[in-house]
Amino acid sequence: MIQNVKLTLTATDRRAIRDFLVKTFLNEEPGTGTGELCSIYKYEVEQLDGGKIVYLKRPARLNKGFDFEINVSDTNFGTNRRTTMPSHPSILKDLEDKQTEDPKEFEKVKNLIERIYNCEIVKCEEMRSLKFKTGHPIELILKSIKWLFIEQDVTYWNWSGRNMFYSGIQEIY
């Protein structure tokens, strides 16, 4: 049975964000088997303009500890197959296209990405004020980046965490 949970993140540093998420996962009800007996959670973490939702799904397909999948409802990030999960390559391609479209406006995107990397809470209005014709809406991309950073912080805490993806983003600048 799928448990739908709305989750609001207010923490503004890596440790507090990780602690909040891991403690949330620790409160999940244990499953009693596979299939219908598995406990499945869908955490709604971001509401996007237009009604789309960024959500986390647990357990992830690889079933490794606190791993989770990031999804955006009614969105296709795939090139060869349909998937609602943003990948690093799909996000990087979208950012490259936006930078090509409007390098001046993209400077504002770079600033927002840096703030997200530094765990600041960026207001939706700031994201929505940026307009690009190419790719997905920038709010969707930025909120996906936020959760991809968090996913890497949870999975690779003892290494560089969010810096792995951030360094890839910086390469396109």
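- E107 is not listed as a side-chain neighbour of N111, based on a closest heavy-atom distance of 4.5 Å or more.
- Residues Q99 and I172 approach most closely at OE1-O, 2.8 Å, considering heavy atoms.
- Closest approach of V54 and K143 over heavy atoms only: CG2-CB, 4.4 Å.
- Checked against the 6.0 Å centroid criterion, the rings of F25 and F68 qualify as a close aromatic pair.
- Once rounded to the nearest 0.5 Å, the distance linking CD of Q47 with NZ of K52 reads 12.0 Å.
- For the pair K57 and Y43, the cation does not sit on the ring face, since its NZ or CZ is not both under 6.0 Å from the ring centre and inside 45° of the axis.
- Partner of L112 under the side chain to side chain contact (heavy atoms under 4.5 Å, CB included) criterion, out of E139, E126, E120: E126 alone.
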Practice item. Would you please test E29 and S39 for side chain to side chain donor-acceptor pair (under 3.5 Å) and show each step? Key: CA-CA 7 Å; E29 289 296 321; S39 66; over 6 Å; no
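- Put simply, I53 and I91 are part of two different groups of oily side chains (I, L, V, M, F, W, Y) that touch within less than 4.5 Å, one to the next.
- For the pair R162/C119, a side-chain contact is recorded, criterion being any heavy-atom separation below 4.5 Å from C-beta on.
- Of the options D102, I141, V109, a side chain to side chain contact (heavy atoms under 4.5 Å, CB included) to L130 is made by V109 and by none of the others.
- Every residue meeting the salt bridge (charged side-chain N to carboxylate O under 4.0 Å, His left out) condition with K146, not counting sequence neighbours, appears here in chain and number order: E46.
- Checked against a 6.0 Å centroid threshold, the rings of Y55 and Y41 do not count as neighbours.
- Once rounded to the nearest 0.5 Å, the distance linking CG of L95 with OG of S90 reads 9.5 Å.
- Cluster membership for I2 and L56, using ILVMFWY side-chain heavy atoms within less than 4.5 angstrom, is not shared.
- The side-chain hydrogen bond (donor to acceptor under 3.5 Å, both in side chains) pairs that include a residue from residues 11-24 are R14-D153, where partners are two or more places apart or lie in different chains.
- Atom CD1 of residue I145 and atom OH of residue Y166 lie 10.5 Å apart, to the nearest 0.5 angstrom.
- Distance OG/S144 to CG/L48: 7.5 Å, rounded to 0.5 Å.
- Counting heavy atoms from C-beta on, the side chains of I40 and P59 come closer than 4.5 Å.
- The environment of CG in L37 is crowded: more than 12 heavy-atom neighbours from other residues, nucleotides or ligands sit within 6.0 Å.
- Partner of T84 under the side-chain hydrogen bond (donor to acceptor under 3.5 Å, both in side chains) criterion, chosen from N76, D74, N71, T75: N71.
- Transitive grouping of hydrophobic side chains (ILVMFWY, heavy atoms separated by less than 4.5 Å) keeps L21 and W157 in distinct clusters.
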Practice item. Quick one: do R61 and E69 satisfy side-chain contact (heavy atoms from CB on, under 4.5 Å)? Show the steps, please. Key: CA-CA 8 Å; R61 291 181 201 162; E69 295 174 355; 3.0 Å; yes
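- A donor-acceptor pair under 3.5 Å is formed between the side chain of K98 and the backbone N or O of T134.
- Looking at every heavy atom in both residues, G78 comes nearest to T83 through N-CG2, 3.6 Å.
- The main-chain N or O of F165 is found under 3.5 Å from a side-chain atom of Q152 such that the two form a donor-acceptor pair.
- Contact check for K108 versus M127: no side-chain heavy atoms found under the 4.5 Å cut-off.
- Contact check for I116 versus W147: no side-chain heavy atoms found under the 4.5 Å cut-off.
- For S167 (side chain) and N163 (main-chain N/O), a donor-acceptor pair under 3.5 Å exists by modelled atom type.
- In this structure, L9 and I17 have side chains that are in contact, with non-hydrogen atoms separated by less than 4.5 Å.
- The cluster map of Ile, Leu, Val, Met, Phe, Trp and Tyr, joined by side-chain heavy atoms under 4.5 Å apart, puts I70 and M85 in different clusters.
- Side-chain contact between K133 and E101: present, with at least one pair of heavy atoms (C-beta onward) separated by less than 4.5 Å.
- Separation of atoms CZ (R115) and NZ (K123) is listed at 9.0 Å; rounding is to 0.5 Å.
- Follow the hydrophobic side-chain contacts under 4.5 Å out from V122 and you reach L140 in the same cluster.
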**Study point:** Trace of the salt bridge (charged side-chain N to carboxylate O under 4.0 Å, His left out) decision for K131 with E105
**Key:** CA-CA 8 Å; K131 304 293 181 199; E105 189 78 348; over 6 Å; no
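- One distance of note links CD1 of I169 with CD of E114; it measures 11.5 Å at 0.5 Å rounding.
- Ring geometry, H136 versus F77: the interplanar angle falls from 30° to 60°, so the pair is classed tilted.
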